Amino acid sequence: MKIIVSENYQKLSEVAAEQFLKQLHRKKSSLFGLATGSSPVGMYEEIAKRKEDFSKAKSVNLDEYVSLSSSHPQSYARFMRENLFEKVNFDAKNTFIPCGTAPDLEKECARYDGILKKLGAIDLQILGLGHDGHIGFNEPGDIFEKDTHVVELQSTTIEANARFFSSKEEVPRRAITMGLRPIMNAKSILILVSGKSKAEIVKRAFFGPVTPKVPASILQLHPQVTLLVDREAYQFCES
Ligand code: F6R
């Protein structure tokens, strides 16, 4: 695993944007695996500042809340439109995200897996890290879940994400998430982690045992992972 420690969140975001655009320059038709949440916001801002051509690029998002329509202010579909898709020239028909309001969620998971299979390996997967070690919404459990599935969000995740809603009660209890197979099949992975509240989980995920109790620990087995952290998130790993 390659580790890049940045001074602060702004620097981390600039480095992340460089890596993202390097992939785009290497291959205009790259398939990007995209994350939402606060960690990649700065990276998307940096990317949006450059006049780059995304017309041939494709993207698949990690997850979506169950029950939020794509127009809901806190849906990940809307997050992606506001933070990236409306700011660069991604072609909407080349961007994919699970549908949180599908009437049959099992069918929706199978549909999304079909899309992932058809698109082939992700060229660059962007990830954030949950306080409990989740990636996408693959929450701690007894096994590593391979395929797209519906997940009950852990209370730590609901609490952490309550800041985006007007109250904790409004945070959906379930989400659809991509499984770990397409993440682990990605040609390269960039995981962005910032802030002292993540310092402990960074140590457990990347320097502890590989276990489904800490889903991100599986990334230790991937050959092309870059952990991009700021100093605060890396403080317990430096000795
Ligand atoms: C979001 C996602 C989640 C977040 C994680 C960290 O699409 O898949 O795994 O990356 O919850 O969230 P932030 O970046 O808000 O700390």
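Note that the numbering runs from 1 along the sequence shown for the chain. Worth saying up front: this structure is predicted, and the values here are computed from it rather than measured. Every number for a ligand or one of its atoms is a count from 1 in the order of the listing.
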- request: Sort out for me which residue in Phe85, Phe96, Phe54 forms a side chain to side chain contact (heavy atoms under 4.5 Å, CB included) with Ser59.
  value: Phe85
message: I'd like to know if the side chain of His72 and the backbone of Ser67 have a donor-acceptor N/O pair within less than 3.5 Å.
response: no
query: Under 3.5 Å, is there a donor-acceptor pair between the side chain of Ser188 and the main chain of Asp123?
result: yes
Donor-acceptor list for residues 170-184 side chains, cut-off 3.5 Å, not counting sequence neighbours:
unit_1: Glu170; atom_1: OE1; unit_2: Ser166; atom_2: OG; d: 3.2
unit_1: Glu170; atom_1: OE2; unit_2: Ser166; atom_2: OG; d: 2.8
unit_1: Arg173; atom_1: NH1; unit_2: Lys168; atom_2: O; d: 3.0
unit_1: Arg173; atom_1: NH1; unit_2: Val171; atom_2: O; d: 2.6
unit_1: Thr177; atom_1: OG1; unit_2: Phe137; atom_2: N; d: 2.9
unit_1: Arg181; atom_1: NE; unit_2: Asp147; atom_2: OD1; d: 3.2
unit_1: Arg181; atom_1: NH2; unit_2: Asp147; atom_2: OD1; d: 2.6
unit_1: Arg181; atom_1: NH2; unit_2: Asp147; atom_2: OD2; d: 3.1

- prompt: Is Cys99 close to Glu64 at the side-chain level, that is, under 4.5 Å between some pair of heavy atoms?
  reply: no
query: What's the spacing between Glu18 CD and Ile47 CD1 if we round to 0.5 Å?
result: 10.0 Å
- request: Quick one: pull up CE in Met80 and CD1 in Ile97 and give me the separation to the nearest 0.5 Å.
  value: 7.0 Å
When you measure from [atom] to every protein heavy atom, which one gives the shortest distance, and what is it?
atom	value
atom 16 (O) of ligand 1	Lys198 NZ, 2.7 Å
atom 5 (C) of ligand 1	His134 NE2, 3.4 Å
atom 10 (O) of ligand 1	Gly128 CA, 3.3 Å
atom 14 (O) of ligand 1	Ser39 OG, 2.5 Å

- request: Have a look at ligand 1 and work out which part of Leu129, if any, has a heavy atom under 4.0 Å from it: side chain, backbone, both or neither.
  value: backbone
- prompt: Where's the contact between Glu64 and ligand 1, heavy-atom distance under 4.0 Å: side chain, backbone, both or neither?
  reply: neither
statement: Heavy-atom proximity to atom 13 (P) of ligand 1 ranks first, among Pro215, Ser38, Ala35, Ala216, for Ser38
- prompt: Between the candidates Asp63, Leu62, Asn61, which shows the shortest non-hydrogen contact distance to atom 7 (O) of ligand 1?
  reply: Asp63
- request: May I ask whether His131 places a heavy atom under 4.0 Å from ligand 1?
  value: no
Ligand 1 contact by Glu139, heavy-atom criterion under 4.0 angstrom: no
task: Would you please say whether a donor-acceptor pair under 3.5 Å links the side chains of Glu14 and Gln10?
output: yes
field: Short side-chain donor-acceptor distance under 3.5 Å, His131 and Glu200
entry: no
- prompt: For ligand 1, which atoms sit closer than 4.0 Å to a heavy atom of Gly136?
  reply: 2 (C), 3 (C), 8 (O), 9 (O)
Gly37: numbered ligand 1 atoms lying under 4.0 Å from its heavy atoms: 14 (O), 15 (O)
- request: Give yes if a backbone or side-chain nitrogen or oxygen of Thr36 is under 3.5 Å from a nitrogen or oxygen of ligand 1, and no if not.
  value: yes
